[in-house]
Amino acid sequence: MMQQVRVRFAPSPTGYLHVGGARTALFNWLWARHTNGKFLLRIEDTDQLRSTPEAVEAILVGMKWLQMEPDEPVLFQMTRHQEHIDLCYELLERGAAYADFSDPEIENQKREAMTKAKLQYKFDGSMYRSIPISEQKKRMENEPGNFAIRLKIPEGKTQWNDIVHGSIEINHAELDDFVILRRDGTPVYNLAVVSDDHFQQINLVLRGDDHISNTPKQILIYQAMNWEVPKFGHLPMILGTDKVKLSKRHGATAVGDYQKLGILPEAMINFLALLGWAPGDDTEVMSIDELINRFSLERINAKAAVFDLQKLYWLNGQHISRTPTKQLIDKCGGIDQIKETTGTSELTVEQITKSLELWKTRVKTLDELISYAQIIWKDPLTYDQEGLKKQFQDPKAINRCLALANAFEKLETFTHESTEAVLRKLAEEESQASGETIPAGRYIHPCRLMLTGLTVGPGLFDLVVAIGKEAVVRRLRKAQQLT
RNA sequence: GACCCCAUCGUCUAGUGGUUAGGACUCGAGGUUUUCGACCUCGCAACCGGGGUUCGAAUCCCCGUGGGGUCGCCA
């Protein structure tokens with residue numbers, strides 16, 4: 001019987017939920033869901049200076065938007081502050097750590113000097129490492145606040161089988177006896193992480209590549225405590241188009257930005273999942289359930305991936321077309337929200353639904369969907385200049401629009417069929433009267449332009465019905481002003 | 001600089017010793033005579049370089065090169 005998977009996402013609340021962080025969270029979440037395990041959220045707020053409640057909120061909101069809710073209460077790292085401190089002393093008690101009374105100022109100077117001289121700085125703890133514990137404790141009592149605690153790095157090397165990279169081996173000669181408890185009595189990140197991961201019984205740590213160098217240090221703490229070492233997997237970075245780690249200057253990096261841009265959470269998830277993972281066949285557009293089903297650790301890529309906005313938009317368009325219109329309305333904030341932002345309080349739910357229905361297969365974002373749907377509800381203020389030139393080059397186009405307006409006005413039943421019949425009849429009559437063939441397009445294109453101001457869009461007769469007789473007639477008659 | 005990680009079309013990727021190196025985004029060309037940024041069809045475009053191993057290498061090994069990450073009493 002395999003033990004239940006327990007994974008976590010552990011961001012520090014110092015900004016917004018970054019897409020890189022979201023991707024890390026997603027992989028953990030997908031794996032937990034896939035294996036029926038537990039996904040936990042831990043807020044690493046030990047940096048009191050940089051941590052803010054707003055950032056905590058932003059992370060929570062972002063996670064919720066992406067539907068990645070933790071299975072257990074959120075753990076704030078600071079609440080285990082005392083346990084972290086206790087762990088440092090326990091390590092000291094066990095002889096795995098020692099008190100360092102050296103002057104940090106002097107050590108800093110040494111380091112700076114050596115880096116300047118292009119030499120490798122390493123803390124030399126030889127004068128403290130082997131002092132008997134009882135003596136160390138005596139001196140600690142006598143000189144409170146004058147020591148830090150460092151982990152004693154043993155001889156040898158540390159090796160682990162990384163879930164994504166395979167075997168990684170670090171020689172201990174590369175490590176120095178790192179501080180676990182500062183002189184001000186506060187524990188350091190690498191120690192707190194181990195303490196909390198052990199406390200939360202995390203058995204798989206999936207995190208960013210940038211933590212590879214922390215891993216041997218953390219494993220050494222587990223080993224010193226005789227704790228079971230979790231599995232580790234290090235996810236590659238997400239890069240900007242210039243192949244440099246994605247950052248603010250590449251544009252939107254907070255998941256909230258994409259929400260504002262009209263991206264669907266399921267599209268964002270789908271996109272993020274495809275950044276560093278692929279199902280193995282040619283499937284690309286996947287629902288969340290499908291993703292959960294197919295996700296596997298073995299197929300995670302080791303190579304950093306470039307964040308390609310184009311593909312996100314394409315995927316978003318795919319998801320929008322597949323989402324039932326009713327749900328799309330909810331995603332836009334509901335009917336009332338839509339009415340308010342577009343100033344169309346008089347519309348019925350059916351009218352709104354119908355309009356979105358017509359546009360949803362040809363837009364890339366929710367914002368686009370609303371602004372195109374609006375064209376149905378409101379008379380156009382501007383007209384596509386190129387289109388105007390092309391469609392109204394023939395002066396007869398104006399008359400065609402007016403004739404169409406008159407014919408539509410007389411219709412009792414205003415449907416796709418009836419309007420199409422009327423239009424085609426007009427084209428035919430004109431053909432006979434003039435002796436040349438007038439294709440229906442000569443009516444259709446100018447008509448579309450007058451109705452929507454655009455040269456693109458859904459089929460004309462669907463549009464005509466959605467706009468409604470009265471508005472159609474009114475918009476068509478504006479062709480008079482084109483002369 | 002040291003250590004670690006990475007390397008297939010511009011981008012996301014499939015490929016685990018024998019493939020015309022496949023798909024997707026983008027881009028281009030056609031088609032759809034009701035348009036289009038939608039849809040359909042087609043097309044452009046890649047194994048970083050050099051050595052091995054092997055009958056045979058994108059795939060395995062080594063060396064380069066390039067990119068990235070980490071070197072804090074930050075997280």
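Values below: every heavy atom of this structure, side chains too, minus hydrogens, waters and symmetry copies. Protein chains get the first letters and strands the later ones, always in sequence-line order, with residue 1 at the start of each.
- Residue-level contact check: A:N301 touches the backbone only, with heavy atoms under 4.0 Å from sugar-phosphate atoms and none from bases.
- Here A:N190 does not reach the OP1 or OP2 of B:rG72: none of its side-chain N or O atoms lies under 4.0 Å away.
- For B:rA7, neither phosphate oxygen OP1 nor OP2 lies less than 4.0 angstrom from any side-chain nitrogen or oxygen of A:K243.
- In terms of heavy atoms, A:P265 sits closest to A:K331 at CG-NZ, 4.0 Å.
- A cation-pi arrangement, defined by a distance under 6.0 Å to the six-membered ring centre and an angle within 45 degrees of its axis, is absent between A:K469 and A:F408.
- Contact annotation: A:R150 does not reach the phosphate of B:rG72 (side-chain N/O to OP1 or OP2, under 4.0 Å).
- Looking at heavy-atom distances under 4.0 Å, A:L275 makes contact with sugar-phosphate atoms alone, never a base.
- Residue contacts for A:P11: at a heavy-atom cut-off of 4.0 Å it reaches no nucleic acid atom on any strand shown.
- Contacts of A:S12 with the nucleic acid, taken as non-hydrogen atoms under 4.0 Å apart, involve only primed sugar atoms and P, OP1 or OP2.
- Within 4.0 Å (heavy atoms only), A:R424 reaches at least one base atom of the nucleic acid.
- Residue contacts shown for A:A302 are limited to sugar-phosphate atoms, with no base heavy atom under 4.0 Å away.
- Using a 4.0 Å heavy-atom distance criterion, A:E44 is classed as a sugar-phosphate-only contact.
- Within 4.0 Å (heavy atoms only), A:L274 reaches sugar-phosphate atoms of the nucleic acid but no base atom.
- Taking 4.0 angstrom as the limit, A:H165 places a side-chain polar atom (N or O) nearer than this to OP1 or OP2 of B:rC6.
- Close to B:rU33, at under 4.0 Å from its OP1 or OP2, lies no side-chain N or O of A:R442.
- Under the 3.5 Å distance criterion, the side-chain polar atoms of A:T14 are left unmatched by any main-chain donor or acceptor of A:S51.
- At the heavy-atom level, A:G208 lies nowhere under 4.0 Å from the strands shown.
- When heavy atoms are screened at a 4.0 angstrom cut-off, A:G280 is found touching the sugar-phosphate backbone but no base atom.
- Residue contacts for A:G441: at a heavy-atom cut-off of 4.0 Å it reaches the sugar-phosphate backbone alone, with no base atom in range.
- Nucleic acid contact class of A:I444 (heavy atoms, under 4.0 Å, all strands): base.
- Taking the C1' atoms as reference points, B:rC9 lies 14 Å from B:rG43, given to the whole Å.
- Within 4.0 Å (heavy atoms only), A:T46 reaches sugar-phosphate atoms of the nucleic acid but no base atom.
- If you check every strand for non-hydrogen atoms under 4.0 Å, A:R111 touches sugar and phosphate atoms only.
- When the C1' atom of B:rU70 is taken as reference, atom CD of A:E169 falls 18 Å away, rounded to whole Å.
- Regarding contacts with the backbone of B:rA38, every side-chain N or O of A:K360 stays at 4.0 angstrom or more from both OP1 and OP2.
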